[in-house]
There are 2 protein chains.
Amino acid sequence: MRLVIARCSVTYEGRLTAYLPSAIRLLMVKADGCVAVHADGGAYKPLNWMNAPNHLEESDGSWVVTNTKGERLEIEIEEVLHEFDHSMGLDPGLQKDGVEAHLQVLLAERPEEIEAGLRLIRREYPTDIGPVDLLCEDGEGNTVAVEIKRNGGIDGVEQLARYVERLDRDPRLQPVRGIFVAQSITPQAKTLAESRAVGCVEVDYDALRGIESSVPTLF
Amino acid sequence: MRLVIARCSVTYEGRLTAYLPSAIRLLMVKADGCVAVHADGGAYKPLNWMNAPNHLEESDGSWVVTNTKGERLEIEIEEVLHEFDHSMGLDPGLQKDGVEAHLQVLLAERPEEIEAGLRLIRREYPTDIGPVDLLCEDGEGNTVAVEIKRNGGIDGVEQLARYVERLDRDPRLQPVRGIFVAQSITPQAKTLAESRAVGCVEVDYDALRGIESSVPTLF
DNA sequence: AGGTGTATGTCGCAT
DNA sequence: ATGCGACGTACACCT
């Protein structure tokens, strides 16, 4: 990784056009060739960047980075204040645990936490517009499609409504109803769910996790 | 901005749990206090991070970053290979051109580029579920709601369909139809648009821009 | 503070 | 490659 602190101005032309007036910034060039221009603030997102693969042409006082999509990043370097290069080797990568996928596993094991009498038919049940998180059967033998989100918004309700509409055309499944399950559901989403005849259930991830504390975690 | 290259392992506990085994990485601490852990590859996104505001507690061989939301980033530092600090001053910030907002302005000036005879009633016409990009009237005096996207996907069609449904309840406006406008529209979105009786128009941003070349650009 | 919509989103997975 | 959904999305804007 190459790190350069320099006074520079930057122009990007590609998916949009953007211009960065002269100031002191960090230029970061990673081993894969990607280039990022960082200011000294504003979270982790750089002001400007060009992902790999690209081509970096370095001439006196200017870097020009281009890629095959016709995007172009030009950095005019007025003054280099510090420069450093260090090889790092491959990164072993990140191990994650605990997002929507885990919530889905927990609820697949205990569908009765969603609604009494609910029984799992299949997880990730495929339809021609994408997989339904859980396909279940209720106490009366009717099909129930379950969409699981961490944060329940309007989008999730629409997504579920599309699945239900699709599944309900299958004579082996119909009638099909939907239940929208999330840790929290916005009032707007609840309103939309009502008008789409979709049920809403809020679940407590930590409590569910507590129930199945016997299962070993990732690490 | 403080830059440290170190062999370290990292644990994050917060919205999820994540673990990063020992390797050489770049630790970046910006003036606003945000911390990022970068590997030497993989676009601009850090492996792990903690945005400002936070609290960084630095002890021998370990950094603990916490925030008020109960998130916690712990960096175990085994070996520091390089360290550097440089003040940069405030950044003048980025000037952008060519995002959805600009496309909306261009089309508001020339609605006939969307459909012959189309006339603008209002930009950002408010409804109780959000603003419609353009509200227009067609050659026959019927109301047309226009949703503009750079990249047209299913979501945009759904969004427009919601607006049309809402607007069509207003006796002063009905009947209302929708036109989905984007630089490119996915086949799935076109199919969905058809089943929602929504029109689709693909526009060329550069061409539109050329038409109004008299208007001065941002820079 | 919370909800909604945008993003040069990025990233991963399936087609 | 492209489409599609998830993301510790971040971020601006508005209520």
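Just so it is clear: chains get the letters A, B, ... in the order the sequence lines come, proteins before strands, and each one is counted from 1.
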Asks: Take B:Ile154 and B:Trp49, find for each the nucleotide of DNA chain D with the closest heavy atom, and name the residue whose nucleotide sits nearer the 5' end.
Replies: B:Ile154
Asks: Rounded to whole Å, please give me the gap between CG in B:Asp32 and P in D:dC11.
Replies: 10 Å
Asks: Measure from NE2 on B:His102 to P on C:dT8 and round the result to the nearest Å.
Replies: 15 Å
Asks: Between A:Pro131 and B:Glu71, just flag the one whose closest nucleotide in DNA chain D comes earlier from the 5' side.
Replies: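 Nearer the 5' end of the strand: A:Pro131.
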Asks: Not counting sequence neighbours, which residues clear ring pair (Phe, Tyr, Trp, His ring centres under 6.0 Å) with B:Trp63? List them please.
Replies: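 Ring pair (Phe, Tyr, Trp, His ring centres under 6.0 Å) list for B:Trp63, sorted by chain: empty.
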Asks: Between B:Glu147 and B:Arg162, is the salt bridge (Lys or Arg N to Asp or Glu O under 4.0 Å) condition met? List the steps.
Replies: CA-CA 11 Å; B:Glu147 174 67 29; B:Arg162 284 198 298 273; over 6 Å; no
Asks: Can you measure B:Lys30 atom NZ to D:dA10 atom C1' for me and round it to whole angstrom units?
Replies: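 Distance check: B:Lys30 NZ to D:dA10 C1' gives 12 Å.
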Asks: State whether A:Lys30 and A:Asp32 are salt-bridged, where the test is any N-O pair (Lys NZ or Arg NE/NH1/NH2 against Asp/Glu carboxylate O) under 4.0 Å.
Replies: no
Asks: Do any N or O atoms of the protein come closer than 3.5 Å to N or O atoms of nucleotides 11-15 of chain C, and which pairs are they?
Replies:
residue : atom : partner : partner atom : Å
C:dC11  : OP1  : B:Gly42 : O            : 3.1

Asks: Between A:Leu160 (CG) and D:dG5 (C1'), how many Å, whole number?
Replies: 15 Å
Asks: Let's see if you can work this out: which of C:dT8, C:dG3, D:dG5 has an atom nearest to the side-chain heavy atoms of B:Lys96?
Replies: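 Looking only at side-chain atoms, B:Lys96 lies closest to C:dT8.
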Asks: Who passes side chain to side chain contact (heavy atoms under 4.5 Å, CB included) against A:Glu194, sequence neighbours left out?
Replies: none
Asks: Could you tell me whether the phosphate oxygens of D:dG8, OP1 or OP2, come under 4.0 Å of any side-chain nitrogen or oxygen in B:Arg72?
Replies: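 For B:Arg72, the contact criterion (side-chain N or O under 4.0 Å from OP1 or OP2 of D:dG8) is not met.
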Asks: Just jot down the salt bridge (charged side-chain N to carboxylate O under 4.0 Å, His left out) partners of A:Glu76, sequence neighbours excluded, or say none.
Replies: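 Scan of A:Glu76 (salt bridge (charged side-chain N to carboxylate O under 4.0 Å, His left out), adjacent residues dropped) gives none.
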Asks: In whole Å, measure the gap between the P atoms of C:dG5 and D:dG8 for me.
Replies: 22 Å
Asks: Within the structure, does a side-chain N or O atom of B:Arg15 lie under 4.0 Å from either OP1 or OP2 of D:dA6?
Replies: no
Asks: Nearest nucleotide by nearest heavy atom, which residue falls closer to the 5' end of DNA chain C, A:Leu73 or A:Ile185?
Replies: A:Ile185
Asks: Given C:dG5, D:dA6, D:dG8, identify the nucleotide with an atom nearest to the side chain of A:Glu147.
Replies: D:dA6
Asks: For DNA chain C, whose closest nucleotide is more 5', that of B:Asp133 or that of A:Pro187?
Replies: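 That would be A:Pro187.
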Asks: Please report the distance, rounded to the nearest Å, between NZ in A:Lys69 and P in D:dA1.
Replies: 10 Å
Asks: Quick check on side-chain contact (heavy atoms from CB on, under 4.5 Å): which of A:Val4, A:Val35, A:Ile5 does A:Leu27 satisfy it with?
Replies: A:Val4
Asks: Distance between the C1' atoms of C:dT6 and D:dC7, in whole angstroms?
Replies: 15 Å
Asks: Measure from the side-chain heavy atoms of A:Ala18 and tell me the nearest of D:dG5, C:dT8, C:dT6.
Replies: C:dT8
Asks: Look at A:Tyr19 and C:dT8 and indicate whether a side-chain polar atom (N or O) is within less than 4.0 Å of OP1 or OP2.
Replies: no
Asks: Using a cut-off of 4.0 Å on non-hydrogen atoms, how would the nucleic acid contact of B:Glu13 be classed: base, sugar-phosphate, or nothing?
Replies: nothing
Asks: Mind checking if B:Tyr163 touches a base, just sugar-phosphate, or nothing, with heavy atoms under 4.0 Å?
Replies: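 It contacts sugar-phosphate atoms only.
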Asks: When you check the phosphate oxygens OP1 and OP2 of D:dT2, does a side-chain N or O of B:Thr186 lie under 4.0 Å from one of them?
Replies: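 Answer is no, no contact under 4.0 Å.
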Asks: Tell me the interatomic distance from B:Leu94, atom CG, to C:dA7, atom P, rounded to whole angstroms.
Replies: 13 Å
Asks: Can you check the B:Glu124 CD to C:dT4 P distance for me, whole Å?
Replies: 17 Å
Asks: In whole angstrom, what separates A:Glu158's CD from D:dG5's P?
Replies: 12 Å
Asks: Taking the side chain of B:Gln159 as its heavy atoms from C-beta onward, which of C:dT8, D:dA10, C:dT6 lies nearest to it?
Replies: C:dT6
Asks: Can you see whether B:Glu158 engages A:Gln159 through a side-chain donor-acceptor pair at a distance of less than 3.5 angstrom?
Replies: no
Asks: Can you list everything that forms a side chain to side chain contact (heavy atoms under 4.5 Å, CB included) with A:Arg169? Sequence neighbours excluded, please.
Replies: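 Result, side chain to side chain contact (heavy atoms under 4.5 Å, CB included) vs A:Arg169: A:Glu165, A:Arg166.
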Asks: According to ring pair (Phe, Tyr, Trp, His ring centres under 6.0 Å), who are the partners of B:Tyr44, at least two apart in sequence or on a separate chain?
Replies: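 A:Trp49.
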